[in-house]
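Before any comments, here is the structure.
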Amino acid sequence: MSRGAEEGSAPGADPAPAAGRSGLAAALGPDFSVSQALGGPRGVVEVALPSVVFVVVISVVQDLRTAIWAALGTSALFVLVRLVGRSSPGQAVSGLLGVAVCALIASRTGEARDFFVWGLLVNVVYAAVYALSTVRTPAFSLRLGRGRRVRVPRGPWPVLGLALGLLTDERLAWKDDPRRLRVYVQVTWIWVALFVLRLLVQGPLYLADEVAALGTARVVMGFPLFGVAAYLTWLLVRRVPLATRPAEAPAHGPAEG
């Protein structure tokens, strides 16, 4: 999943307003903005357009090398525009690296559909990791050497709890808060559903070598589904008070609304 400015807030305090937040961090404010969560219109275009260009070029000229260079050139242009405009190039550079990986795989296999195989593999891994993180596991000890041991508390360890716990400065206090733990498990499964849905739709298109349909599905199921999942995460997380660490005062109650 993979988007988001990682901004934290003071211990035990309500998260900062959503302004300036993107990705999962946007699920922590009192208000939710789909545009902000997606990195704004410019961020959406920077990530989605290279795939659109690849599909259009491969459909028109039927040449893989040309389509690859067109997608790479589009992504590189976004980085250049940000550098010239002296704005943060982070998201554009991340997009360029992603396109470069897709281009490398497709150029090695010679198959246009393999331009999208990296995205499928990423969704497989995310779905598996997110789902496994919600499994209840017993406590156990790890031997670190020189007789030292570290005790790992019982699971689950939902990915959304680990990520949002850092952003809110709850750290791992939510492990001892049944309501907060439950909501983190719930929202983690929302993201599992997103990854699985993408695979159910895009997997058959990949196997059928439907490159145009696969590229379209990737764009349509990218930011729109991310926005829906982020919004549902915001709806659930905001209804449960932040967990507090032992030395801290009680957390504020749920946000109104």
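- A pairwise comparison of heavy atoms in A229 and L194 identifies CB-CD1, 3.6 Å as the closest pair.
- Hydrophobic clustering (ILVMFWY, side-chain heavy atoms < 4.5 Å, transitive): V219 and V57 are in one cluster.
- Between A100 and L72, the shortest heavy-atom distance links the atoms CA-CD2, 3.8 Å.
- Under the 4.5 Å side-chain criterion, counting only non-hydrogen atoms from C-beta, I58 is not in contact with D63.
- No donor-acceptor distance shorter than 3.5 angstrom exists from the side chain of D114 to the backbone of V117, with no hydrogens or angles considered.
- Here the closest non-hydrogen pair linking V99 and P50 is CG2-CB, 3.8 Å.
- Between L164 and T233, some side-chain heavy-atom pair lies under the 4.5 Å cut-off.
- Remark: the backbone N or O of V237 is paired with a side-chain donor or acceptor of R180 at under 3.5 angstrom.
- Atom CG of L214 sits about 6.0 Å away from atom CG of L120, to the nearest 0.5 Å.
- For the pair D177 and P241, the tightest heavy-atom approach, listed with the atom from each and the gap, is OD2-O, 4.4 Å.
- One N or O on the side chain of K175 and one on the backbone of P156 form a donor-acceptor pair closer than 3.5 Å.
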*Tell me, with the steps shown, if L172 and W157 meet side-chain contact (heavy atoms from CB on, under 4.5 Å).*
CA-CA 10 Å; L172 297 178; W157 293 90; 3.8 Å; yes
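- When side chains are defined from C-beta on, F54 does not count as touching C102, because their heavy atoms never get closer than 4.5 Å.
- Taking the charged nitrogens against the carboxylate oxygens, E46 and R82 do have a contact shorter than 4.0 Å, which makes a salt bridge.
- Here the side chain of R179 pairs no donor or acceptor atom with the backbone of V240 at under 3.5 angstrom.
- Minimum interatomic distance between A212 and S59 (heavy atoms only, all atoms of both residues): CB-OG, 4.2 Å.
- Annotation: cation-pi pair R218/F116 absent, no NZ/CZ under 6.0 Å from the ring centroid and within 45° of its normal.
- E210 places no side-chain N or O within 3.5 Å of a backbone atom of L205 that could act as its donor or acceptor partner.
- Separating the CD1 atom in I105 from the CG atom in L121 is a distance of 7.0 Å, to the nearest 0.5 Å.
- Using a 4.5 Å cut-off on side-chain heavy atoms (C-beta onward), L49 and V52 make contact.
- The cluster map of Ile, Leu, Val, Met, Phe, Trp and Tyr, joined by side-chain heavy atoms under 4.5 Å apart, puts L83 and L97 in the same cluster.
- Aromatic ring pairs are classed by plane angle as parallel below 30°, tilted from 30° to 60° and perpendicular above 60°; the pair F195 and Y130 is perpendicular.
- Residues V55 and V220 do not share a hydrophobic cluster, clusters being chains of Ile/Leu/Val/Met/Phe/Trp/Tyr side chains in contact below 4.5 Å.
- Scanning both residues, L96 and A76, for their nearest heavy atoms gives CD1-N, 3.9 Å.
- Taking CD from E170 and CG from D176, the interatomic distance works out to 11.5 Å, rounded to the nearest 0.5 Å.
- In this structure, Q186 and V183 have side chains that are in contact, with non-hydrogen atoms separated by less than 4.5 Å.
- In this structure, W191 has its ring center closer than 6.0 angstrom to the ring center of F226.
- Under the 4.5 Å side-chain heavy-atom criterion for ILVMFWY residues, a single connected hydrophobic cluster contains both V228 and V44.
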*asked:* Quick one, W174 with Y184, criterion ring pair (Phe, Tyr, Trp, His ring centres under 6.0 Å). Give me CA distance, side-chain angles, the key distance, then yes/no.
replied: CA-CA 9 Å; W174 52 266; Y184 281 147; 5.6 Å; yes
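- Note: the hydrophobic cluster containing V185 also contains I190 (ILVMFWY, side chain heavy atoms under 4.5 Å, direct or indirect links).
- At distances below 3.5 Å, not a single donor-acceptor pair connects side-chain atoms of S94 with backbone N or O atoms of G90.
- Between the side chains of T109 and E111, not a single donor N or O lies within less than 3.5 Å of an accepting N or O.
- Atoms OH and CD, from Y206 and Q202 in turn, are 12.5 Å apart once rounded to the nearest 0.5 Å.
- Distance check: L160 CG to S133 OG gives 8.0 Å after rounding to the nearest 0.5 Å.
- Within the 4.5 Å cutoff, side-chain heavy atoms of W189 are placed close to those of V192.
- Going from atom CG of L80 over to atom OG of S75 covers 12.0 Å, rounded to the nearest 0.5 Å.
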